[in-house]
> 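Next up is a structure, given as structure tokens.
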Amino acid sequence: MNLRVFNSLSGTKEEFVPLEGNRVRMYVCGVTVYDYCHVGHARAAVVFDTIFRYLKHKGFDPCFVRNFTDIDDKIIMRAQESGIPWQEVTRKFIDAFYEDMGQLNIAAPTVEPKATDHIPEMIAMIRTLVEKGIAYESGGDVFYSIQKFPDYGRLSGKKTDDLRAGARVDVNESKRDPLDFALWKKSKPGEPFWESPWGPGRPGWHIECSAMSSRYLGETFDIHGGGKDLIFPHHENEIAQSCGCSGKQPVRYWIHNGFVNIDQEKMSKSLGNFFTIRDIYKQFHPESLRLFLLSNHYRSPIDFSRQNLEEAEKVLTRFYEALGGAAETQDPTAPLSGLDPEVRAHPLWGKFAEAMDDDFNTAVVLAHLNEELRALNKSLADACSGVTARRQAAVSAGTLRRVGGVIGLFQQDPAEFKKQIFAIRSQTLDVDVEKIESLITSRNSARKARQWADADRFRDELIRMGVALEDTPNGTEWKLK
RNA sequence: GGCGCCGUCGCCAAGUGGUAAGGCAGAGGUCUGCAAAACCUUUAUCGGCGGUUCGAAUCCGCCCGGCGCCUCCA
């Protein structure tokens, strides 16, 4: 079956065919490293990580480039405010990025270039644009002349006249047209700078992506991704720059993810309604966040709320408990071997591929995973009665883990997951394990003596402490609610 | 003002022409001393009005409600 993706350029789903055989060249705008990542960054990271993983699974050979913007106004401002050299600001937040994203199980891209490592490429590109008469120098700045690019506005569906009419654009005397954008910015005293044919300065924001994408992926590549908010002006400008240099359309499929909303409003720095990923991790398991983000289609807005995250964590816990149960049913006296062929032939794979091939519909994938989870629990319930059910459970669990693995889910040891959840809950609940266990012991003594009223009293006390009990054939288990 | 998106069960969320996936919550049941967990059963005609069509949640028009981009932003 063929993969179909929604291309922002055409506004429709198109069959995905790479430019060259199995090779997929993919570029995604990364983050500007001047602060901790918020949930919006997490969404973009998870979306394109999932796409990257699926392309590999599908047999493509993706080369995935994701950049760091490590020089820009906000970084300079942050450095000045805090009195820390800008290089240290970026280093700190790049480290934080890896820490936060690592917990979200984001796989490493093929290349992770930094803007500041590619200044010569950017200068070369700007020089070409100036030589072609598409860009012009003005008092140490260099601007791209929008008039020289008739296709300007095609990606975002904007007309240049409308843009001028809207005119929220900076009034800048040195620009010939208010819509012209900076390729090179003259540095002010005390600001970081690089030498250039137009004097000391630094690159504009948009040129870095054009320079790095063409450097690593060529003049035309397959996929370019990023958040919807980058469509205009960032990606529009990128097209203008790249096409201006090479004369070719740089990107074949544009893929944009939707926003994360809080109370129906876009989460953003300027609105101040954002949550950093590390704040979330204090109360929720990172994988719960990943599952939550995958439970909506990547192009739809997703409403971030405590309730929605709690729900995601509940679902994830259900999966891990069943997965853990399947591991326990693997009785060492009856080793289950040769499961691989059965796992590989499992019908879940077909449903998974069908959903993913339809523009990466992870929400539908989750529905299929849930159905298989039910089947697994059913087998688990029967597992004590025979080898067949036990084997079924093992196949089910194995498939669930492998399919989930393609979208970055269910890769932890269930016991470890349980411990992590406990660790997170105990931070907010203030638990006293000794007291809990002594109450459980008391309850079980009462139960043995068939003193149900006493037993229930102990249990009620535990419930008040946030402890949920579960009497199993192997004894009483407990967890934090 | 220009361009665009969204409105599906109490809540979250798929579905873009053939009579509504999945999850959470709820109800009933099985199991259990009772619970919990798990399993089974059960809950919608798709914002409103009109149109196109044999047939629309899905296409068109209008209206109502919400949001986004046009400035840095994933």
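First the proteins, then the strands, lettered A, B, ... as listed; each starts at 1.
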> For A20(B), which nucleotide in any strand shown is its Watson-Crick or wobble partner with both distances under 3.5 Å?
none

> For Arg401(A), what residues pass the side chain to side chain contact (heavy atoms under 4.5 Å, CB included) criterion, not counting sequence neighbours?
Leu323(A), Pro414(A)

> Round to the nearest Å and state the distance from Ile76(A) atom CD1 to C72(B) atom C1'.
14 Å

> For RNA chain B, what residues of residues 362-370 of chain A have any heavy atom nearer than 4.0 Å?
Ala363(A), Val364(A), Ala367(A), Asn370(A)

> Any chance you could list the contact pattern along nucleotides 38-46 of chain B? Use B for base contacts, S for sugar-phosphate-only contacts and - for none, protein heavy atoms under 4.0 Å, 5' to 3'.
SSS------

> Is it possible for you to check whether Arg299(A) lies under 6.0 Å from the centre of the six-membered ring of Phe6(A), through NZ or CZ, and within 45° of that ring's axis?
yes

> Nearest whole Å is fine: how far is A36(B) P from Arg447(A) CZ?
14 Å

> Go through the N and O atoms of the side chain of Arg459(A) and the base of A35(B), and report whether any donor-acceptor pair is under 3.5 Å.
yes

> If every non-hydrogen atom of Ile126(A) is compared with every non-hydrogen atom of Trp184(A), which pair is closest and at what distance?
CD1-CE3, 3.9 Å

> What does Val39(A) touch in the nucleic acid at a heavy-atom separation under 4.0 angstrom: a base, only the sugar-phosphate, or nothing?
nothing

> Heavy atoms only, 4.0 Å cut-off, all strands: where does Gly40(A) land among base, sugar-phosphate and nothing?
base

> Given G2(B), C24(B), G22(B), identify the nucleotide with an atom nearest to the side chain of Lys314(A).
C24(B)

> Nearest of C72(B), A74(B), G33(B) to any side-chain atom of Arg443(A)?
G33(B)

> Please enumerate all residues that pass side chain to side chain contact (heavy atoms under 4.5 Å, CB included) together with Ser270(A), with sequence neighbours excluded.
Ser268(A)

> Categorize Phe259(A) for me: base, sugar-phosphate, or nothing, with a 4.0 angstrom heavy-atom threshold over every strand shown.
base

> Could you state the CG-P distance from Asn361(A) to A14(B), rounded to the nearest angstrom?
8 Å

> Classify the nucleic acid contact of Glu477(A) as base, sugar-phosphate or nothing, counting any heavy atom under 4.0 Å across all strands shown.
nothing

> For a quick check of understanding: with a heavy-atom distance under 4.0 Å over all strands, which category does Gly30(A) fall into, base, sugar-phosphate or nothing?
sugar-phosphate

> Show me the pairs that pass side chain to side chain donor-acceptor pair (under 3.5 Å) and involve residues 33-45 of chain A, at least two apart or across chains.
Asp35(A)-Lys269(A)

> Roughly, in whole Å, what's the span from CZ in Arg450(A) to P in C34(B)?
10 Å

> Got a sec, which residues hit ring pair (Phe, Tyr, Trp, His ring centres under 6.0 Å) with His346(A), two or more places apart in sequence or on another chain?
none

> Could you list the residues that satisfy ring pair (Phe, Tyr, Trp, His ring centres under 6.0 Å) with Tyr216(A), not counting sequence neighbours?
His118(A)

> Among the nucleotides G23(B), C67(B), C69(B), which one has an atom lying closest to any side-chain atom of Glu311(A)?
G23(B)

> What residues, two or more places apart in sequence or in another chain, satisfy side chain to side chain contact (heavy atoms under 4.5 Å, CB included) together with Asp72(A)?
Thr32(A), Thr69(A), Lys74(A), Ile75(A)

> Counting only side-chain heavy atoms from C-beta out, which of C3(B), G68(B), U71(B) sits nearest to Glu265(A)?
G68(B)

> With the threshold set at under 4.0 Å for non-hydrogen atoms, list the residues of residues 291-302 of chain A touching RNA chain B in residue-number order.
Ser295(A), Asn296(A), His297(A), Ser300(A)

> Checking side-chain polar atoms at under 3.5 Å, does Ser138(A) have a donor or acceptor matched by the opposite partner on Arg176(A)?
no

> Could you go through residues 148-155 of chain A and list every donor-acceptor pair under 3.5 Å that involves a side-chain atom there, pairing it with any protein atom two or more places apart or in another chain?
residue	atom	partner	partner atom	Å
Lys148(A)	NZ	Gly133(A)	O	2.8
Tyr152(A)	OH	Asn237(A)	OD1	2.5

> Sequence neighbours excluded, which residues qualify as side chain to side chain contact (heavy atoms under 4.5 Å, CB included) partners of Gln307(A)?
Ser305(A)

> Give the nucleotide from the list A37(B), G66(B), A35(B) with an atom nearest to the side chain of Lys481(A).
A37(B)

> Tell me every residue that passes ring pair (Phe, Tyr, Trp, His ring centres under 6.0 Å) with Trp254(A), counting only those two or more places apart in sequence or in another chain.
His224(A), His235(A), His256(A)

